[in-house]
Amino acid sequence: MMENKEKELLDFDHNHLWHPYSALGKEENLFPVKSAKGVYLELFNGDLLLDGMASWWSVIHGYNHPILNAALKRQVDSMSHVMFGGLTHEPAVELGRKLVELLPDGLDKLFYADSGSVAVEVAMKMAIQYWYCKGRPEKSRFAALKKAYHGDTWHAMSVCDPVTGMHSIFSETLPEQIFIPEPPMGFDVEIDSGYVDGVRQIICENHDSLAAFIVEPIVQGAGGMRVYNPAYLNILQGLCKEYDLLFICDEIATGFGRTGKMFAVNHAGVVPDIICLGKGLTGGYMTMGCVATNENIATTLNEKDPGVFMHGPTFMANPLACAVSAASLDILSKYEIEPMIAEIQHGLSVGFSPLKIITCVQDVRTMGAIGVIEMRDQVDIPEIQKRMVKEGIWLRPFGKLIYVMPAFIISQDALKFLTGKIVKVICEFYHEK
Ligand SMILES: *Cc1c(COP(=O)(O)O)cnc(C)c1O
């Protein structure tokens, strides 16, 4: 019975459904999930997989959390959705209160968006409309870092790394942005003044046409899982101030504790002009993004014709998403976030330490609840993934990277299991070659 059901799902899926970054019908490995709880995925065949991905950074409290479930069920029974045009509601205000309290000082004007990518679009529109209102409409391009990832919609894509972001396919129609070399890798490395001079030069040459500089603070995620010194944030923000650029921090991946502080900008004490949130915002229950900015930008947007900020999604401030996000922030505020994440980082670095002497491994790095193994060569993803699933763990490597970002509630025993199995699979695979 179950086997038939599984086959039915896979057959339909294979013929009709795209998956992220996939060729329709060509996905080699596809694992039907029946349910998920805590840090485990239950497959249709009954196998339990220890999840190392938290569904791409987002399920920070684990799956099927009783408090989040209850918040959603309560909200369903009162209202699942009402338009936000001309109406407001408690979940939106409750969530807003909590976000304003949590966010760096001054970032207290909020725009709820549909997803991370849309939050980036909204932030970019805000920056352009800001300069339009200031009488400088020519400031309409963006500086972005190489190796960046900011999402898959049009303008978000335009500020992703031009190589890994696949600009070649869309180059005829993508807006052309200014790319700044990525900061040198390493949380603790000394500041490279030559690098800073290079950045200053590029900004100096282009500032007249630049609305903003957008960065992922401290950790560049999907563009390469690179970690850099927080002091670069202070430096980049300084350059933005000097040359009249807004500074946008995309905390969609890093926000809500992932790097060991509530927000990655907290490592540098930086307060950007605009911050983008997503992923972990809802505890990974559903899609939602948020853009936060300051009083100056908010009031400037009102100043000039049309006198309104020109964006308004149908499902803006969806009450279900707001309610579950508010509940997620409540749970988060009860964690001792710094020691909690430090313990995960310690478990990851101890667990991965045997890999440092393996020649197929280029680099092992951890930052908060993120662990990255960079291989010398492209990972044989279908084969590695098959072996990981066989060992009872769920990962999704890409390029040369095998990486984990588990739910914050993962136990030390589960971390040991996860890292141990990763080390085992890499060693066995490498040994056979
Ligand atoms: C995932 C991600 C996005 C895009 O978010 P979606 O919800 O997938 O649209 C944008 N920026 C960063 C840094 C991300 O990690």
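First listed ligand is number 1; within each ligand, the first listed atom is number 1.
- From the protein, the heavy atom lying nearest to atom 12 (C) of ligand 1 is Asp250 OD2, 3.4 Å.
- For ligand 1, the atoms closer than 4.0 angstrom to any heavy atom of Glu216 are 13 (C).
- For the ring-ring contact (aromatic ring centres under 6.0 Å, His included) with Tyr403, the qualifying choice from Phe352, Phe398, Trp57 is Phe398, the only one to do so.
- Scanning the protein heavy atoms around atom 1 (C) of ligand 1, the nearest turns out to be Lys279 NZ, 1.5 Å.
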Original post:
When you look at Tyr40 and Trp394, which way does the ring-ring contact (aromatic ring centres under 6.0 Å, His included) test go after all the steps?
Top reply: CA-CA 9 Å; Tyr40 292 95; Trp394 176 246; over 10 Å; no
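- Under a cut-off of 6.0 angstrom, the local environment of CZ in Arg97 is sparse, with at most 12 non-hydrogen atoms contributed by other residues, nucleotides or ligands.
- Within ligand 1, the atoms closer than 4.0 Å to a non-hydrogen atom of Ala253 are 15 (O), numbered from 1 in the order shown.
- The closest protein non-hydrogen atom to atom 8 (O) of ligand 1 is Ser117 OG, 4.3 Å.
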Original post:
Is there a ring-ring contact (aromatic ring centres under 6.0 Å, His included) between Tyr285 and His65 once you walk through the steps?
Top reply: CA-CA 10 Å; Tyr285 264 54; His65 195 288; 8.1 Å; no
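- Nearest-residue assignment for atom 10 (C) of ligand 1 (options Glu251, Met288, Gln220, His150; heavy-atom criterion): His150.
- Residues satisfying the salt bridge (Lys or Arg N to Asp or Glu O under 4.0 Å) criterion with Arg74, sequence neighbours excluded, are absent altogether.
- Checking Arg136, Lys139, His207 one by one against Asp244, the side-chain hydrogen bond (donor to acceptor under 3.5 Å, both in side chains) holds for a single residue, Arg136.
- In Tyr149, the parts holding a heavy atom less than 4.0 Å from any atom of ligand 1 are both the side chain and the backbone.
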